[in-house]
Protein chains: 2
Amino acid sequence: MAGNGGNSSRRPTIYDLAQIAGSSPSAVSSILNGTWKKRRISSRTAEKVMKIAAEQGYAVNLQASMLRRERSHIIGMIVPKYDNRYFGAIAEKFEEMARARDLFPVVTCTQRDPELEFEAARELVSYQAETLVVTGATDPDRIAEFCAAAGVRTINLDLPGSKAPSVLSDNFGGARDLTRLIITRTKQDFGAVPPLWFIGGRSHDHNTMERLRGFRIAHQEAGLTLSEDRILMPGYSPDNAFAALEGREFTQSCGIFVNSTISMEGVVRWLTGNVAMDRVRLGCFDWDPFAALLPQNVGMAEQDVPAMLARLFQIVSSAEGNPSDRIELPCILRPLSPQRGFI
Amino acid sequence: MAGNGGNSSRRPTIYDLAQIAGSSPSAVSSILNGTWKKRRISSRTAEKVMKIAAEQGYAVNLQASMLRRERSHIIGMIVPKYDNRYFGAIAEKFEEMARARDLFPVVTCTQRDPELEFEAARELVSYQAETLVVTGATDPDRIAEFCAAAGVRTINLDLPGSKAPSVLSDNFGGARDLTRLIITRTKQDFGAVPPLWFIGGRSHDHNTMERLRGFRIAHQEAGLTLSEDRILMPGYSPDNAFAALEGREFTQSCGIFVNSTISMEGVVRWLTGNVAMDRVRLGCFDWDPFAALLPQNVGMAEQDVPAMLARLFQIVSSAEGNPSDRIELPCILRPLSPQRGFI
DNA sequence: CATGCACGCTCAATCGATTTAGCAACATTG
DNA sequence: CAATGTTGCTAAATCGATTGAGCGTGCATG
């Protein structure tokens with residue numbers, strides 16, 4: 001039966017509780033924040049106050065508490081989107097691990113908009129976040145610089161920057177392995193292997209460039225010359241991938257490297273209406289359980305989110321992370337067999 | 001070139017800026033929060049202070065600001081998971097719409113854990129959130145009661161409660177329509193239609209009950225007797241759905257109503273190893289673009305997230321929402337054709 | 001009986017920004 | 001020249017919780 005007993009609708013403060021308990025605000029404060037034994041408050045008083053606090057529906061005002069204390073325990077994260085499993089897993093795991101360390105996670109989604117990324121970072125700094133994790137940001141260095149001036153630590157995740165330590169996937173290795181797999185399967189199923197298509201991502205994006213590098217190397221290894229006009233980097237949205245494919249002809253059997261599940265949506269939508277499906281083999285960077293069931297999908301490169309966040313929190317906990325640190329973690333290649341049965 | 005010019009590493013405050021500018025903290029405060037014209041500060045002073053603030057990398061301390069002001073502009077949301085498109089879309093749209101209304105959204109993910117749901121709510125109240133949106137909570141009324149005592153408005157989303165206005169889908173109608181579709185397609189493809197399976201969700205969960213009601217009605221309409229042992233409600237995780245199916249035999253052609261995409265993952269994983277796939281037709285509550293490509297999938301009931309959030313923010317903006325309000329919005333039925341080609 | 005100490009508490013300053021009240025200087029008006 | 005108004009600012013209280021310093025009481029000890 002929580003309730004403030006019919007008096008004002010304002011939230012009760014320690015002063016209200018002190019008055020009701022016939023005690024002092026400082027006693028009430030220490031009782032409610034657990035330091036009362038250290039301050040030699042009797043358990044009789046403590047119990048009385050805690051009972052009253054519960055009756056009044058008291059909840060500490062963290063605004064006031066944090067203003068006075070030196071630490072906020074807030075750890076912020078900006079994340080581009082929640083529309084795929086990769087970022088969903090990052091956000092979820094981040095919150096879980098932050099809580100496990102008695103930190104208060106605040107995650108905010110910035111829609112891949114550079115301005116919003118910066119504004120959100122500024123907001124989190126104003127909120128007294130002690131650490132800011134910058135995930136997949138367009139311009140992480142701008143944010144790192146601003147945060148450094150404000151005395152807030154930043155760590156880059158997914159996309160690296162040069163002004164704060166970065167934790168990311170081995171995009172090169174993951175893409176190379178995935179490309180190898182696509183080539184092998186295409187050869188296996190069709191005999192001949194024309195150069196693969198590369199679809200999705202942005203040409204100034206570090207991860208896209210690294211994946212493209214892995215893609216090239218795997219072509220070289222296989223003795224294939226890749227054709228530059230099959231490299232399409234229109235951004236990450238399904239619509240962009242779809243649009244980039246409009247008007248193209250897939251006349252022969254071929255393999256496609258899809259750079260993110262979100263681009264995959266557009267690719268599949270386009271292919272659905274345009275190509276004989278049995279003449280295509282796909283591989284996709286990032287993991288999605290349903291995308292894995294597409295029979296044309298020969299494999300996915302899953303980024304190791306738990307490992308990435310484990311490293312991230314190692315940096316958070318440790319004294320220092322060097323701005324030049326760049327930690328790359330291997331991807332998990334998930335080959336998919338055509339016999340998986342759900343066709 | 002933000003930076004505090006080599007002096008202490010502490011964040012600069014309005015007092016620091018005032019000292020540098022040879023002005024007073026109150027002038028600095030009003031200049032930085034935009035009320036300076038009203039307070040008749042000269043533009044000469046204002047420009048000087050703003051220049052210094054930029055140089056020093058000043059960012060307002062919202063903890064202090066909000067403590068003093070009456071309003072925090074924070075709107076909190078708790079959400080169970082980020083592992084599916086439905087909740088991902090909710091979180092994303094919520095943040096977008098909150099920002100458009102000059103509110104500061106704080107979303108936190110509670111893993112379908114009732115204790116965590118309550119703790120997160122308590123934390124958001126302590127953060128002085130003015131409104132709390134309780135999404136898909138196990139026990140929304142407990143949270144609503146606590147928040148009411150603390151003077152914080154709550155609105156339920158997705159799962160209804162009795163102590164705060166609720167915005168949700170017409171789960172009954174959506175499930176009825178989806179069941180009709182599954183029955184039709186099963187009949188069309190196989191001739192005979194045995195009672196459908198119902199898989200996923202929790203038996204005490206309002207939405208699951210409503211969907212089951214729609215499921216029953218559609219059976220009645222079609223003159224089918226449904227069999228209770230085909231109703232499996234082991235929760236929402238893929239593993240639970242998988243486990244619930246273990247040991248069962250799907251001897252004849254059949255249709256399956258899957259209660260959420262997340263359960264769908266488990267169902268599909270199980271079916272993949274166990275049943276002749278061409279003897280199954282599925283329908284799934286909630287939308288997922290890749291799940292939509294499964295050839296056995298005859299349709300999905302998409303919840304209308306933009307409409308739900310539009311209604312939600314209507315309540316947020318309006319003076320009052322009645323605790324007994326329960327707004328149900330129609331789902332969008334997305335029938336899928338077997339000719340969609342991606343087989 | 002004076003001294004010391006443990007106990008159980010209270011006082012008051014403090015965190016950083018906001019805001020009401022008001023002051024000093026100057027200009028304008030009657 | 002006095003009264004009044006305008007301009008451009010400052011002083012100080014305030015939001016709610018925290019915390020170092022300190023106070024009064026009771027009991028044990030020498």
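Reckoned from all heavy atoms, side chains included, excluding hydrogens, waters and symmetry mates. Quick note on labels: first sequence line is chain A, next is B, and so on, each numbered from 1.
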Closest approach to the side chain of R68(A), judged atom by atom: which nucleotide of dA17(D), dC11(C), dT18(C) is it? dA17(D)
What contact category does V60(B) fall into here, base, sugar-phosphate, or nothing, at under 4.0 angstrom with non-hydrogen atoms? sugar-phosphate
Gap between atoms CD1 and P, on I31(B) and dA17(C) respectively (whole Å): 14 Å
Please test K51(B) against E55(B) for salt bridge (Lys or Arg N to Asp or Glu O under 4.0 Å), starting from the C-alpha separation and ending with a verdict. CA-CA 6 Å; K51(B) 185 163 153 284; E55(B) 281 168 9; 3.3 Å; yes
On the nucleotide dA17(C), are OP1 or OP2 found under 4.0 Å from the side-chain N or O atoms that N33(B) carries? no
d(OH, Y15(B); P, dG16(C)) in whole Å: 8 Å
Side chain of S42(A) - closest among dC9(D), dT18(D), dG8(C): dG8(C)
Has the side chain of T45(A) got a donor or acceptor that lies under 3.5 Å from a partner of the other kind on the base of dC9(C)? no
Assess the side chains of S29(B) and R68(B): does a donor N or O sit below 3.5 Å from an acceptor N or O? no
Once you round it to whole Å, what is the distance between C1' of dG16(D) and CG of N61(B)? 14 Å
Closer than 4.0 Å, any side-chain N/O of S65(B) to the OP1 or OP2 of dA17(C)? no
Kindly assign one of parallel, tilted or perpendicular to the pair Y127(B) and Y127(A), based on the angle between their ring planes and the thresholds 30° and 60°. tilted
Between R202(B) and D205(B), is there a salt bridge with N-O shorter than 4.0 Å? yes
Using a cut-off of 4.0 Å on non-hydrogen atoms, how would the nucleic acid contact of S29(A) be classed: base, sugar-phosphate, or nothing? base
Without decimals, in angstroms, what is the distance between K48(A) NZ and dG8(C) P? 14 Å
In whole angstroms, the gap separating P of dC15(D) from CG of L67(A) amounts to 14 Å
Any base atoms under 4.0 Å from T13(B), or only sugar-phosphate, or nothing? Heavy atoms, all strands. sugar-phosphate
When the distance from OH of Y127(A) to P of dG16(C) is rounded to whole Å, what number comes out? 17 Å
Would you sort out whether E96(A) and Q111(B) count as a side-chain contact (heavy atoms from CB on, under 4.5 Å), showing the intermediate values? CA-CA 9 Å; E96(A) 183 194 321; Q111(B) 308 280 357; 4.1 Å; yes
Taken to the nearest whole Å, CD/E47(A) to P/dG8(C) is 13 Å
Hey, does S23(B) reach any base, or is it just sugar-phosphate, or nothing, if we go heavy atoms under 4.0 Å? sugar-phosphate
Between A59(A) and S43(B), which has a closest nucleotide on DNA chain D that is more 5'? S43(B)
Side chain R39(A) and base dT18(D) donor-acceptor under 3.5 Å: no
Using atom CZ of R71(A) as one end and atom P of dA17(D) as the other, report the distance to the nearest whole Å. 21 Å
Just by distance, no angles: are the side chains of D158(A) and T135(A) close enough, under 3.5 Å, to form a donor-acceptor pair? no
Taking the side chain of R40(B) as its heavy atoms from C-beta onward, which of dT19(C), dG16(D), dT7(D) lies nearest to it? dT7(D)
Going by modelled atom types, is there a donor-acceptor pair between the base of dT18(D) and the side chain of R69(A) at under 3.5 Å? no
Of L32(B) and A64(A), whose closest DNA chain C nucleotide lies nearer the 5' terminus? A64(A)
